[in-house]
Amino acid sequence: LLNNLPVSQYALNQTKNLLYISEIARGWKMYGKTGCGTDNYTIKYWFIGWITNEEKNKSLIFASLIKTQQKDIAKIRNLCVTNTIIKLFE
């Protein structure tokens, strides 16, 4: 968020562009990455990222984790993203 990493500005911009999801509400933009893994019993889906409002000069970092037996990756990914948005704006 502060662009203090030891990489080029080009690399930072490309990464930000790849992680952009959408504008979600009142000028807030969401960036993030989903993933999943298993421990043989439980499937773990995660969604990490940040939202930013450039007009207000504010950003929030978030992480969300869902543990389930559900194997429908798209359904759980969407649930993870939706739950995160709801919690951010409560």
Side-chain angles (χ1 to χ4, degrees):
L1 296 173
L2 297 176
N3 295 332
N4 290 343
L5 298 173
V7 297
S8 70
Q9 188 61 47
Y10 175 79
L12 288 170
N13 291 339
Q14 288 296 95
T15 302
K16 187 175 178 181
N17 290 338
L18 287 170
L19 296 176
Y20 178 74
I21 296 171
S22 69
E23 186 165 325
I24 55 175
R26 300 176 293 229
W28 288 91
K29 294 180 181 178
M30 179 176 273
Y31 301 82
K33 177 75 178 96
T34 59
C36 66
T38 183
D39 64 4
N40 295 327
Y41 302 104
T42 305
I43 302 170
K44 299 171 181 115
Y45 297 91
W46 61 85
F47 178 45
I48 60 169
W50 74 97
I51 60 170
T52 187
N53 187 316
E54 293 173 2
E55 291 177 14
K56 295 181 179 184
N57 196 29
K58 291 187 178 184
S59 297
L60 297 168
I61 299 168
F62 62 83
S64 180
L65 175 68
I66 294 178
K67 297 177 185 179
T68 183
Q69 298 297 318
Q70 173 66 254
K71 294 182 181 179
D72 185 342
I73 293 173
K75 183 177 180 180
I76 297 300
R77 181 182 59 232
N78 292 339
L79 179 63
C80 230
V81 172
T82 302
N83 286 349
T84 299
I85 293 169
I86 290 169
K87 288 178 183 176
L88 288 169
F89 286 96
E90 283 183 332

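Please read these numbers as outputs of a predicted model, since none were measured by experiment. Numbers here simply count residues along the sequence, with the first being 1.
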### Task
Give a yes or no on this: more than 12 heavy atoms of other residues, nucleotides or ligands lie within 6.0 Å of atom CD of Glu55.
no
### Message
Using every non-hydrogen atom in the two residues, find where Thr38 and Thr42 come nearest and quote the distance to one decimal.
### Response
OG1-O, 3.2 Å
### Message
Between Ile24 and Phe47, is there shared hydrophobic-cluster membership here, with clusters defined by ILVMFWY side-chain heavy atoms closer than 4.5 Å?
### Response
yes
### Query
Can you hop from Tyr20 to Ile61 via hydrophobic side chains spaced under 4.5 Å?
yes
### Task
Determine whether Lys33 and Leu19 make a side-chain contact, defined as any pair of heavy atoms from C-beta on separated by less than 4.5 Å.
yes
### Task
Identify the two heavy atoms, one from Tyr31 and one from Phe62, that lie closest to each other, and give their separation to 0.1 Å.
O-CZ, 3.8 Å
### Message
Would the distance check show the side chain of Asn53 and the main-chain N or O of Lys29 forming a donor-acceptor pair, the cut-off being under 3.5 Å?
### Response
no
## Note on the structure
To the nearest 0.5 Å, atom OG1 of Thr15 lies from atom CG of Leu5 at 9.0 Å
### Query
What do you reckon, is CG of Asn57 surrounded by more than 12 foreign heavy atoms closer than 6.0 Å?
no
### Query
Is there a side-chain contact between Met30 and Trp50, using heavy atoms and a 4.5 Å cut-off?
no
### Message
So, taking the atom named CD1 in Ile66 and the one named SG in Cys36, what distance separates them when rounded to the nearest 0.5 Å?
### Response
12.0 Å
### Query
In terms of side-chain geometry, is the basic nitrogen of Glu54 or Lys16 positioned less than 4.0 Å from the acidic oxygen of its partner?
yes
### Query
At their closest point, which heavy atom of Lys44 faces which heavy atom of Leu65, and how far apart are they?
CB-CD1, 4.0 Å
### Summary
Of all heavy-atom pairs linking Thr52 and Ser59, the shortest is OG1-OG, 2.9 Å
### Query
What are the two closest non-hydrogen atoms of Ile21 and Gly32, and how far apart are they?
CD1-N, 3.7 Å
